[in-house]
Amino acid sequence: MSKTVGIDLGTTNSEVAIVENGQARVLPGADGDLIMPSCVGFDDMGKLLVGREALRQYAAAPDRTVRSIKRWMGTEHQTVLRTGGIQSDETKTYLPHEISAIILRALKQRAEDALGDTVTQAVITVPAYFTDAQRQATKLAGEIAGLEVLQIINEPTAAALAYDARSEETERVLVYDLGGGTFDVSVVEITGEVTEVLASHGNNQLGGDDFDRRLYLYLADRFRETHGVAVPDDAATQARLIRAAEQIKITLSHHAFASVREAFLGSKNQTALHLELEVARSDFEDLIRPLLEETLEAIDRALADADLKPEDLDRIILVGGSTRIPLVQQMVEEHLEQPPTDGVQPDLCVALGAALQAGVLSGEAVEAILVDVIPHSLGIEVAAQTPMGVMPGFFSVIIPRNSVVPVSRSEVYSTASDHQETVEINIFQGEHAIAEENVPLGSYRIEKIPPRPAGSVQVEVHFDFDLSGMLTVTTTEKGKGQQGTLIVSGAGIQRMSSHEISQAQAELESLFQSDEAGDTPDTPPLDPALEDLLNRAYQTLPTLETDQAQELEDLLGQLEAAIASQSPALAQVQEEVSDFLYYASTAQG
Ligand code: AMP
């Protein structure tokens, strides 16, 4: 029987995991790396690259590469990529779910290669705060990738599932998830094998990318102060500087200072200008503190929604790459007056939890039961009695946020005016009392209502929210039977017929077949010694203790940045990685 996989489709990185003998494990790619950067590109030959290969060319070829697509999921944002060979101007325009489909297809390939079997079903995680449109886009991406998406689950819930120190006592856990592009905080209650989300809050436009951007602006300012000219605003230079900013950020997680040297960043009077400076951790912390303060407010809101105080929490779990930043740990600890739990793998626990849920759904013997909640209230626009008479435009909640899914609820509404012949059902999600301030999900009209006085015709509106986040709205006019049904499949996301999905699948398949891409494309034009070094490093990574692994990751980041920018520092970084591996292997005996 083929396996159902769990997928963490992250802004920056993605992972795929399975359950074997009741235990979840993350599947490595051909390079041995458990983490696959969520990056897609086309190389100079027009060949599809996914994962680390794509990320490696990002700084040098931003017009051929896309990353952090998750931030755009559920919108019509278009990414234009150069897809042809170096001589060609060929481009192709992608919607966010199409890029995500490529990433998911590569993860499917990775799982199939690792397992030697086909993989057709998956559980995929999304931030708890993702809107309906974003969830639908994620599901659609899965389908285009050839995966039946059994369930979309919330990332913090998955993280809590993976956290295995279960006791029979009820534990209240706060999951603080700060990734590359999104932030979530959830309060979760774990009793034995049952995990229940009590409340979730967050911001799906806040994450490590924002820290990079702030640092980037800081670097650009320093450059202008030093040289009296601005950093050139071409995409390649900006990509280099963003990449440098991320490296500095990561280095500052372990060191008090980070030095940066980006050669030939600009020129003045035909003289090349370099960016060379040292950034102190405290400078970086000043840049990001206001953003982190917002995350503390979200913690307070989630706790208030769950009706808990900080001292009621038994544990705090930090998830997401950005929680490696010491200031994040410090601010969360000070705010909640309790240190976060050690020993949780912030990068992998979401995928592990998704795999556990996949195991449960496919009938494996797994000790975990998931109870998830809806992140936003769902309801319709109604007219309401006000001091100025009956006014339209109010939001009437049918399913309140934080209800456990699946959930069905009904409300009965009456006509607002005399001889009203139609009723407009406008569906929204959100928390604002004014309907228009919330996110519209869809609408339809009930017609041919018998002309009667206001209030005498009653319509029941039934909301059915299923496990995969699909909302079905049914209306029934009292005494007349069912009037209409609407399956809400995401505002802002184009609907696709099954024929269109099959077409998109076939197109994606051919892209993969012709390139045999997966995340293991043909050998790039890299020096064999360098290729060997990279392979050894990625194989060593999973065998190291956290601190050492982090150090090696930092070095690898620098190495890849040096490769991408063809920096003169390459030889030196190469030697550092080589030395590191030598000492690591002697230390391990
Ligand atoms: P995730 O979406 O959970 O994969 O997190 C990715 C984000 O974490 C990116 O913005 C990374 O730059 C950031 N990140 C990864 N490692 C570190 C680190 N050691 N220090 C600071 N940020 C990091």
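Atoms within each ligand, like the ligands themselves, are counted from 1 in listed order. If you're wondering where the values come from, they're calculated on a predicted model, not measured in any experiment.
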| said: Measuring from atom CG of L559 to atom CG of L533, what distance do you get when rounded to the nearest 0.5 angstrom? | reply: 6.0 Å
Go ahead and list the nitrogen or oxygen contacts between ligand 1 and the protein that come in under 3.5 Å, distances to 0.1 Å, or just say none.
{"from": "ligand 1", "atom 1": "2 (O)", "to": "G180", "atom 2": "N", "distance (Å)": "2.9"}
{"from": "ligand 1", "atom 1": "3 (O)", "to": "G321", "atom 2": "N", "distance (Å)": "2.9"}
{"from": "ligand 1", "atom 1": "4 (O)", "to": "N13", "atom 2": "ND2", "distance (Å)": "3.3"}
{"from": "ligand 1", "atom 1": "5 (O)", "to": "G180", "atom 2": "N", "distance (Å)": "3.4"}
{"from": "ligand 1", "atom 1": "5 (O)", "to": "G321", "atom 2": "N", "distance (Å)": "3.2"}
{"from": "ligand 1", "atom 1": "8 (O)", "to": "S322", "atom 2": "N", "distance (Å)": "3.2"}
{"from": "ligand 1", "atom 1": "10 (O)", "to": "K249", "atom 2": "NZ", "distance (Å)": "3.1"}
{"from": "ligand 1", "atom 1": "12 (O)", "to": "E246", "atom 2": "OE2", "distance (Å)": "2.5"}
{"from": "ligand 1", "atom 1": "12 (O)", "to": "K249", "atom 2": "NZ", "distance (Å)": "2.6"}
{"from": "ligand 1", "atom 1": "19 (N)", "to": "Q550", "atom 2": "NE2", "distance (Å)": "3.1"}
{"from": "ligand 1", "atom 1": "20 (N)", "to": "S253", "atom 2": "OG", "distance (Å)": "2.6"}

| query | Distance only, no hydrogens: is a donor on one side chain within 3.5 Å (strictly under) of an acceptor on the other, for D554 and T251? | reply | no
Please output the side-chain donor-acceptor pairs of residues 325-335 that fall under 3.5 Å, not counting sequence neighbours, one pair per line with the distance.
{"from": "Q329", "atom 1": "NE2", "to": "T323", "atom 2": "O", "distance (Å)": "2.8"}
{"from": "Q330", "atom 1": "NE2", "to": "E334", "atom 2": "OE2", "distance (Å)": "3.4"}
{"from": "H335", "atom 1": "NE2", "to": "D300", "atom 2": "OD1", "distance (Å)": "2.7"}
{"from": "H335", "atom 1": "NE2", "to": "D300", "atom 2": "OD2", "distance (Å)": "3.3"}

| query | Going by atom types only, do S38 and S14 share a side-chain donor-acceptor pair under 3.5 Å? | reply | yes
| message | For a quick check under 3.5 Å, do Q558 and Q247 share a side-chain donor-acceptor pair by atom type? | response | no
| request: Could you walk me through whether R110 and D113 pass salt bridge (charged side-chain N to carboxylate O under 4.0 Å, His left out), step by step? | output: CA-CA 5 Å; R110 168 179 281 216; D113 292 347; over 6 Å; no
